[in-house]
Amino acid sequence: MERALGAAGAAAERGEVPVGCVIVSPDGVVLAETGNRCEADRDPTAHAELLAIRAAARKLGSPRLVDCDLYVTLEPCPMCAQAISFARLRRVYWGASDPKGGGVEHGPRIFDQPTCHHRPELYPGLGEVEAAALLRDFFKARR
């Protein structure tokens, strides 16, 4: 999670919403590490999770990231939660909860839907204080 927090901090420095994501292989190798790039890429889907999933899938040469774990600083949104399911990630760890835009514990609760084909193990609250502070400070500076 420390690396994901670092990626989130780097995203904030670039003017992006500070969300960072890291994907780790079953043997502990970091496959992808990235932060949001929606502004830089002019792409509303350039969330940290999607960028990391794409990079890890390229690295492994497979669209499925079976037995890999994803660490992200903010509860995944519905779009990212669905991509996590499609990628068949084993575990998802996240820092801050997102009552407004989350898709796991809040909103549509993607993994609880009968149409969801894969539900990873979920571990909320890892690095929550640091992740929430990054987000709070980022938005406070913009108001």
Side-chain angles (χ1 to χ4, degrees), residues 1-139 142:
M1 185 56 84
E2 287 181 27
R3 290 180 77 154
L5 288 164
E13 290 173 10
R14 297 189 311 270
E16 302 280 356
V17 173
V19 177
C21 183
V22 173
I23 295 180
V24 179
S25 73
D27 55 354
V29 174
V30 173
L31 299 172
E33 181 175 342
T34 189
N36 276 358
R37 285 200 323 250
C38 296
E39 301 301 324
D41 292 359
R42 292 173 173 73
D43 178 357
T45 70
H47 290 198
E49 299 97 309
L50 290 184
L51 298 171
I53 288 169
R54 290 171 187 154
R58 276 192 305 274
K59 195 166 200 173
L60 291 179
S62 172
R64 284 165 294 288
L65 305 175
V66 177
D67 292 329
C68 294
D69 298 334
L70 182 144
Y71 295 80
V72 64
T73 58
L74 182 64
E75 175 185 349
C77 74
M79 173 180 68
C80 293
Q82 193 64 61
I84 288 165
S85 177
F86 289 155
R88 305 294 194 263
L89 284 150
R90 174 176 58 180
R91 296 183 191 115
V92 177
Y93 300 84
W94 73 85
S97 291
D98 189 357
K100 288 184 181 178
V104 179
E105 288 188 321
H106 299 90
R109 295 183 166 105
I110 295 298
F111 302 129
D112 293 337
Q113 298 305 313
T115 55
C116 183
H117 297 291
H118 172 76
R119 185 182 200 279
E121 295 175 33
L122 304 173
Y123 299 91
L126 183 65
E128 181 175 12
V129 172
E130 299 91 335
L134 273 171
L135 289 158
R136 192 172 37 256
D137 293 347
F138 177 81
F139 288 111
R142 275 146 185 77

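As the structure is a prediction and not an experimental result, all values here were calculated from the model. Numbers here are sequence positions counted from 1.
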- Note on the structure: Separation between CZ (R119) and CG (L89), nearest 0.5 Å, reads 14.0 Å
- Task: Would you sort out whether Y123 and R91 count as a side chain to side chain contact (heavy atoms under 4.5 Å, CB included), showing the intermediate values?
- Result: CA-CA 8 Å; Y123 299 91; R91 296 183 191 115; 3.7 Å; yes
- Note on the structure: In terms of heavy-atom contacts, T34 and A48 come closest through CG2-O, 3.3 Å
- Query: Is atom CD of E2 surrounded by more than 12 heavy atoms (other residues, nucleotides or ligands) closer than 6.0 Å?
  - Reply: no
- Message: The test is side chain to side chain contact (heavy atoms under 4.5 Å, CB included); show your working for V19 and E49 and say whether it passes.
- Response: CA-CA 9 Å; V19 177; E49 299 97 309; 4.3 Å; yes
- Note on the structure: Shortest non-hydrogen pair, L5 vs G127, comes out as CD2-O, 4.5 Å
- Item | Spacing of SG belonging to C21 relative to NE2 belonging to H47, to within rounding of 0.5 Å | 12.0 Å
- Task: Measure the OG-CD distance between S85 and Q113 for me, rounded to the nearest 0.5 Å.
- Result: 11.0 Å
- Item | Rounded distance [0.5 Å steps], OH in Y71 versus CE in M1 | 8.0 Å
- Go through V22 and V30 one step at a time and tell me if the side chain to side chain contact (heavy atoms under 4.5 Å, CB included) criterion holds. CA-CA 7 Å; V22 173; V30 173; 3.9 Å; yes
- Would R142 count as a cation-pi partner of F138, with NZ or CZ less than 6.0 Å from the six-membered ring centre and within 45° of the ring normal? yes
- Query: Taking all atoms of both residues into account, what is the closest heavy-atom pair of V92 and P76, and its distance?
  - Reply: CG1-CG, 4.3 Å
- Message: With a 6.0 Å cut-off (strictly less than), is the heavy-atom count around CZ of R14, excluding the residue itself, greater than 12?
- Response: yes
- Message: As an exercise, state the distance from CD of E33 to CZ of R3, rounded to the nearest 0.5 Å.
- Response: 4.0 Å
